[in-house]
Participant: 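Sharing a structure here in structure tokens format.
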Amino acid sequence: MRKLFGYSDQISARPGDTVKFMVSSLDGQSYHADIVRLICGDDSPSGPGFKETVVETPINGDYPGRAQAINDGSYVTVPGGPILDGITSFTLQALIWPTTPDRGRQALLGKWCDKAQAGFGLYMDDDGALALRLGDGSGTVETVSTGVAMVGREWHFVAASFDAASREMRVYQEPLDENPGVGETVSASHTAAIAGPVANSAPFLMAAQCEAPGGAAIGAHYNGKIDSPRLASRTLDRAEMEGLVQDPMPAGLEQDVVGWWDFSPDISGTRVTDLSAHILHGETVNLPTRGQRGFNWSGREHCWRHATDEYGAIHFHDDDIYDAGWDADFELVVPADLASGVYCARLTNDQDEERIPFFVRPPVGQKGSDAVFLISTATFMAYANMQWPMNATYSEVKKGGITVLDREDVFLQENPGYGLSVYDKHSDDTGVVYSSRLRPIFNMRPKTGLWSFNADTHVTDWLEARGQSFDVVTDEDLHQEGVAAIADYRVVITGAHPEYWSTAMWDAMVAYQHRGGRLMYLGGNGFYWRVAYHDDLPGVIELRRAEGGMRYQQSEPGEYYQSFNGELGGLWRRLGAPPNTLVGSGTVATGFDSASYYRRTEESNDPRAAFIFEGIGDDEIIGDFGTLLGGAAGVELDGASRKLGTPPHCLVVARSENHSQLYFLVPEETPFHHPVMSAYENDRGRADLLFYETSNGGGVFTTGSISWPASLAHEGYDNNVSRITENVLKRFLDPDPL
Ligand SMILES: [Fe+2]
């Protein structure tokens, strides 16, 4: 059971920068903190061994522990004020697309304080029916419900009104689809025993309710979409309500409209616009999904930028999270003499140990090496707190048919709230689109499974073992600074799985190559999905899993465009920029049961490739060993393809073979009911070890396999995978043009 964990505000820093660490100690136990340089995070018995060294810094020391709460669930908050407090008679209405009407009370719209039992609010009740409640703080709560459950994943018009003079409460629930079986058009009314709502300190919320005065605690989260929410200061009849759905606002109703919220502006941001005269703008909290199909989506346009009025819905989830917002426990000013590399804040006490990773770059203009290791932070974020080991479909192939959970998986099952990865589905079975690093990420840690962050420490371990100096730079740096982040380096080295690339990162790598930069891609399934970073919100990425690619969840049609920047999301291959154009190969097959080896090809004898095989001797077989499934060619495989843009002069110097029958071609390689999806029977399912020269003396070396770095340390780093990698690195560091 995890008891001690945290996160940092910065993932990349230079000497002189401040990194804040936020820690939660569940039992309140104190802990000791040290800064450590991490060399190798692989503590498995067959690996090179766990390696770290303590760095003396002023923050090393003992700290009191305290538990910090995690509050997930997205909603919109509109600050209270005299206008909202003055509400007596009213109408509330919206279009909604509920996804979990069977899951108990979920608040929709209202200014309601549950503890004070005061205010007014529209909600789905325990029966999944639309209901209205009123409270005057006396303890009497008046409710009226349609008594009919709404149908999940169907649009409904919902409304409620209250007339303070007659005390009549009324609710309306009408499915927009009038086909039989999708629900009933119902309404209900009730005469309240109280005079009406009273002012309270709660803000006006959408998709959640205030549990306690002042809005400190939020609950009753709603799952599903809300579109066109409105609030009027009198009872409207049904025809007038219809007028409020329309845009623009009908003449004559303006003076009665208190809130006319339109979710279609600011789709990229957190602001929610009120078009009424009262300008009661709101803010989204915990990043509900925007740029989603509205109730009036016609299918005419699939991009929200081209038909914003049809994208006026926000999809809320009870497990959305952006910034945990914890208080900082200590702040590290990165020491001036700290070498660039991978570091962790190591926290220890009797009950647990935790390492919060961060990456240190050299001071500006003072590189420590001609080689830079590109840290795949976008990919680490994409996988953050992934829950799919719990999904039997994938765990079956993961470890020979046996579901193996590590303690982080168990902790996250028992302690929901820390958010999901973009591999997961939300609790309402819709795909996760955003992933943040401003929360504890239990799988971006050393001593976890050999995937993503931890697997990439095989590269740092090997560089250290071979005495090769290196700096580090992260995906976020590359995104923010463009090619300038890497321009000074002769060689960029990737980790085992640099899968997620923003457009700015991609463009930076293209520019680097054009300048004569050398790229060593030591992994597989890289350069695969486009993601977006946010211009204003730090530490979060967006992914739309559009058509093609391995999709453990997938975006709905019409929702392929990234809300952060309006770009079409999906596979780079499908966007017209296959990874083959950048690194010579692209993903062709995956398998998780075993790994294999490469066999040298005729092309390896080309004089242009001679430097790669120096000292390799008669070895025809490359990498029939390794910590990750026993071979250097495994897990996810990339192959060359002239058709997809592999340069004509590319030399495929070795090709993997003999993969198991559990290796399958990826979906984009099997466009029809292909009889040989198993890579075992299909020549496409191979990893290609390749090299080619690029402009201005540059070059590319690609392994095309996730398990390559896990073979580097075999036999004390004395093996043909290590030798080939070192041969290439040495040649790429040599300024002579390739
Ligand atoms: Fe992946």
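One-based numbering, in listed order, for ligands and for the atoms of each.
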Participant: Can E476 and R437 be said to form a salt bridge (charged side-chain N to carboxylate O under 4.0 Å, His left out), step by step?
Facilitator: CA-CA 12 Å; E476 273 192 46; R437 58 170 174 76; 2.7 Å; yes

Participant: Does the side chain of H534 come under 3.5 Å of the side chain of Y434 through a donor N or O and an acceptor N or O?
Facilitator: no

Participant: Does any N, O or S atom in Y383 come within less than 2.8 Å of the Fe ion (ligand 1)?
Facilitator: yes

Participant: Going by the side chain to side chain donor-acceptor pair (under 3.5 Å) test, name the single residue among D429, T99, D318 that passes it with N223.
Facilitator: D318

Participant: With salt bridge (charged side-chain N to carboxylate O under 4.0 Å, His left out) as the test, would you mind laying out the steps for R574 and E547 before giving the verdict?
Facilitator: CA-CA 8 Å; R574 195 177 133 270; E547 291 130 355; 3.1 Å; yes

Participant: Using 2.8 Å as a strict upper limit, say whether an N, O or S atom of Y423 approaches the Fe ion (ligand 1) that closely.
Facilitator: yes

Participant: Looking at E499, which of its N, O or S atoms is the nearest one to the Fe ion (ligand 1)?
Facilitator: OE1

